[in-house]
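Beneath this line is the structure, given in structure tokens, with notes to follow.
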Amino acid sequence: MQFRKDLNGLRAFAVIAVVLFHFNASWMPGGFAGVDVFFVISGFLMTSIIFRGLERNQFSILSFYVARANRIIPALAVLCLVLLIFGWFVLPPLEYRTLGNHIGSSIGFLSNIVYWTESGYFDASSHEKWLLHTWSLSVEWQFYLLYPLILASLAKIVPHKALKTIVLVGTILGFMYGVYASYQAPKAAYFLFSSRAWEMMLGGVAYLYPFKLSDTKQKLCEWLGLTLIIISYFFFSKNSLWPGYLALFPVLGAFLLIQAQRHNSALTGNILMQKIGKWSYSIYLWHWPLVVAIFYFALPTPYIYLGIGLSLLCGFMSYHYIERIRFEQHFSHWSQYARCVPLHLVIAVGLLASSVYIANGVHQRFEVNSQIAQLTHQLIMPFRHNGYCFYSFNDGQTQVDETLGSDCYLGEHSAQAPVTKTLLFGDSYAGHYEPFFDELFSAQNHSVQVISTNWCTPSLTNNYTGPKTHIAYRQCLLNRAYLKQHMQQYNNLIIAGAWDDALYLGQLEDVKQVIASAASMQINVFIMPAPHRYKQNPLSYFYRRFYFNQPFDINELDDNDTLTTAANIRLSEIADQYPNVSFIKRSWLFTNNNTFTINEVAIPYSLDGKHISILGAKQSAKFFMEQTQYPMLMEKFDFN
């Protein structure tokens, strides 16, 4: 097929949008839609290759796979190797282990599934994932694997015209599913192939059903397509439901630009767009690690411009010295495919990444104080598997069950736990306080029952701060049903939650309802504060100080605490309305600088910028028991 300058220029429009969005989302709030444009282009090219091969009875699936591997894997493998070397010298063990996991999933083209199971794409933690952008490569590769297999199989039983119709109908059905999935399971819809396939298939429709247009109509088609793409870049944002029906804007825009076939357009055919289009894949590969580096090292704003320049430079270098290498592609016998160079690269990089992961980030790189190193094993979230009660479905729990979710006790274990009169209820913010209350009630020779699961803010409604498609939502409903049915049997109710999320989503009224119901039953209610929020992860900076002897001052980190503070104040005001409701202030639990000291080492309470660690919670309990408010608060508990 003749080289399409318009497609090459369209690639430039796509990669520019993605790069600008990632470096500074305010410049182009919907720039992430450039990925959708890439999908359409990819679908057009792959469909053209497959159908031309099928029409000539010359299509080879293995040759197709090798061609795709030669195109995609070498540059990706080099990036992964560079990051492995970089991480060896710069990343502490825990982060290096995570990088190993992400590199393995990226080179195996499963990273979209891995990132789906982790936090959301637009979460703050996304800027700590060096290969997050490879999710789109994984989606494309999954398309490359399945699409030719399906078409080649169908081509043996249906005529060519019917095969084209199947692609068209499949595209429409895929779009309908994508819209449905975006509402029902937004995070899964964003990352998974099943809700993205229609975008690539629409590119295939552009090849199978080309428009025949006059010059004037070609220009109109081009401008209409460009307008739709620009609308998606500037009028949508990370808060838009994606890729629901709104994805039609960039996808249909790319479709129209392809159909316009304006080979010598000033928009796409100029030398700048052609150069950027040629380098676009490598620019895309290298730009995101540079974005993460700026965030990771907390570099000032001017470095954004340096990062963009380096993205172009790295893209140029990668294109000329890696992408243009012509690896062997045609083999006379299936056994010779073992000579495929990209296959060797996948195996080599995969083994290296796996060894980093298995070796727990190769902590042998460092000589550290054994006592401090032992403490770091407690800088984690409390879960069922490490002795606490948080029933987290992000930690291997798979069974939704009221009894399993509620039958857990902390504190004085020699007591008759099932008859305890104290309940701790909430989401992961209740979970992270479990070591705190374990220490507190052990000292008082009392026990506490704990019911906590993901995103389950204290409420008696079906409102939810997390995705309702997550399995934890079902557990949360059981937890709340238990609370509603059994609340009157407790003398003391402790509640904790992501109060900022509840405030933002208008769900603090639900919390107020729980407080009012408990207070009316003469239950003593204790509201735990949400701890200090940070934009960055303080623990990451602590590890760098710990392993690389870098300076660490938690006060220099950007915080994200405004909404959390407002929510804490609102709950404190609610507590003041009831004589048997107490709001426990942050200042009673944490030092002023949000760190505690062990062996003259300042350690942050914060685990991830939001939650506190097991060790942080234990130290908070120790700090609280030294405060004047401690005996007064404990007197409010009724343990009889």
Side-chain angles (χ1 to χ4, degrees), residues 15 17-28 31-32 34-35 75-107 111-112 114-116 118-138 190-191 238 281-315 318 349 353 356-357 361 534-544 547-548 550 557-558 560 608-610:
V15 78
V18 173
V19 169
L20 292 180
F21 168 75
H22 282 153
F23 275 103
N24 190 333
S26 64
W27 291 344
M28 199 168 281
F32 56 86
V35 171
L76 174 61
V78 169
L79 172 63
C80 291
L81 287 171
V82 169
L83 287 176
L84 278 172
I85 296 170
F86 165 83
W88 179 275
F89 295 102
V90 174
L91 300 182
L94 187 61
E95 294 177 18
Y96 197 40
R97 180 177 184 268
T98 300
L99 177 64
N101 180 39
H102 289 169
I103 286 177
S105 65
S106 296
I107 203 69
S111 61
N112 61 323
V114 169
Y115 292 128
W116 165 49
E118 295 177 355
S119 58
Y121 182 67
F122 296 113
D123 289 353
S125 59
S126 67
H127 281 84
E128 299 168 7
K129 299 175 182 178
W130 297 88
L131 287 168
L132 177 62
H133 63 319
T134 62
W135 74 267
S136 63
L137 302 182
S138 295
Y190 192 95
F191 283 107
K238 64 181 182 180
Y281 172 56
S282 286
I283 291 173
Y284 182 81
L285 281 180
W286 285 93
H287 88 282
W288 179 253
L290 292 168
V291 172
V292 175
I294 291 172
F295 177 86
Y296 187 81
F297 296 108
L299 300 176
T301 301
Y303 278 88
I304 289 176
Y305 303 100
L306 176 62
I308 293 173
L310 285 175
S311 298
L312 293 172
L313 177 61
C314 291
S318 177
V349 172
V356 168
Y357 180 79
Y534 295 91
K535 289 182 180 179
Q536 296 155 308
N537 184 354
L539 196 57
S540 175
Y541 286 83
F542 165 74
Y543 278 131
R544 283 180 244 171
Y547 289 105
F548 300 103
Q550 295 179 359
L557 301 184
D558 294 332
N560 191 27
D608 54 8
K610 299 174 287 187

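Model, not experiment: these values are computed from the prediction. Quick note: numbers below take in every heavy atom, side chains included, and nothing from hydrogens, waters or symmetry partners.
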Exercise for review: Any chance you could lay out the side-chain contact (heavy atoms from CB on, under 4.5 Å) test for C80 and L131, step after step, and finish with the verdict?
Suggested key: CA-CA 9 Å; C80 291; L131 287 168; 4.2 Å; yes
Practice item. Anything under 30° is parallel, anything over 60° is perpendicular, the rest tilted; go ahead and classify W27 against Y305. Key: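 Correct class here is tilted.
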Practice item. Give me the ring orientation class for H127 and F295: parallel if the planes are under 30° apart, tilted from 30 to 60°, perpendicular past 60°. Key: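 Ring orientation of H127 relative to F295: tilted.
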Say you draw a straight line from [atom1] of [X] to [atom2] of [Y]; how long is it, rounded to the nearest 0.5 Å?
X    : Y    : atom1 : atom2 : answer
L539 : L94  : CG    : CG    : 7.5 Å
I107 : L79  : CD1   : CG    : 9.0 Å
L306 : L310 : CG    : CG    : 4.5 Å

Practice item. Could you point out which residue of Y284, F21, W286 forms a ring pair (Phe, Tyr, Trp, His ring centres under 6.0 Å) with H133? Key: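 Result: among Y284, F21, W286, Y284 is the only option passing the ring pair (Phe, Tyr, Trp, His ring centres under 6.0 Å) with H133.
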Review point. Side chain of S318, backbone of C314: donor and acceptor closer than 3.5 Å?
Key: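 Flag not set: sc S318 to bb C314 has no pair under 3.5 Å.
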Check your understanding: Between the main-chain N or O of F191 and the side-chain N or O of N112, is there a donor-acceptor pair closer than 3.5 Å?
Key ->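 The answer is yes, because a donor-acceptor pair under 3.5 Å joins these two groups.
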With the side chain counted from C-beta on, respond yes when [X] and [Y] share a heavy-atom pair under 4.5 Å apart, and no when they do not.
X    : Y    : answer
Y303 : L290 : no
N537 : Y541 : no
E128 : L99  : no
I283 : V18  : no
L84  : Y96  : yes

**Study point:** Single hit among V19, V292, L20 for side chain to side chain contact (heavy atoms under 4.5 Å, CB included) with H287
**Key:**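 That would be V19; it is the only one of V19, V292, L20 passing the side chain to side chain contact (heavy atoms under 4.5 Å, CB included) with H287.
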Review point. Would S105 and S111 count as a side chain to side chain donor-acceptor pair (under 3.5 Å) if you check the C-alpha gap in whole Å, the side-chain angles of each, and the deciding distance to 0.1 Å?
Key: CA-CA 5 Å; S105 65; S111 61; 5.0 Å; no
Point to revise | Within the 6.0 Å centroid threshold, strictly below: Y190 and W116 | key: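 No; W116 has its ring centre 6.0 Å or more from that of Y190.
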Review point. Under 6.0 Å between ring centres, would you say that holds for W130 and H102?
Key: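 Not close enough - the centres of the two rings lie 6.0 Å or further apart.
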Check your understanding: Would you say the side-chain atoms of Y115 and S126 include a donor-acceptor pair closer than 3.5 Å?
Key ->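 No - no donor-acceptor pair under 3.5 Å links their side chains.
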Practice item. Taking all heavy atoms of F23 and all of I304, pick out the closest pair and write down the distance. Key: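 Heavy atoms of F23 and I304 come nearest at O-CD1, 3.5 Å.
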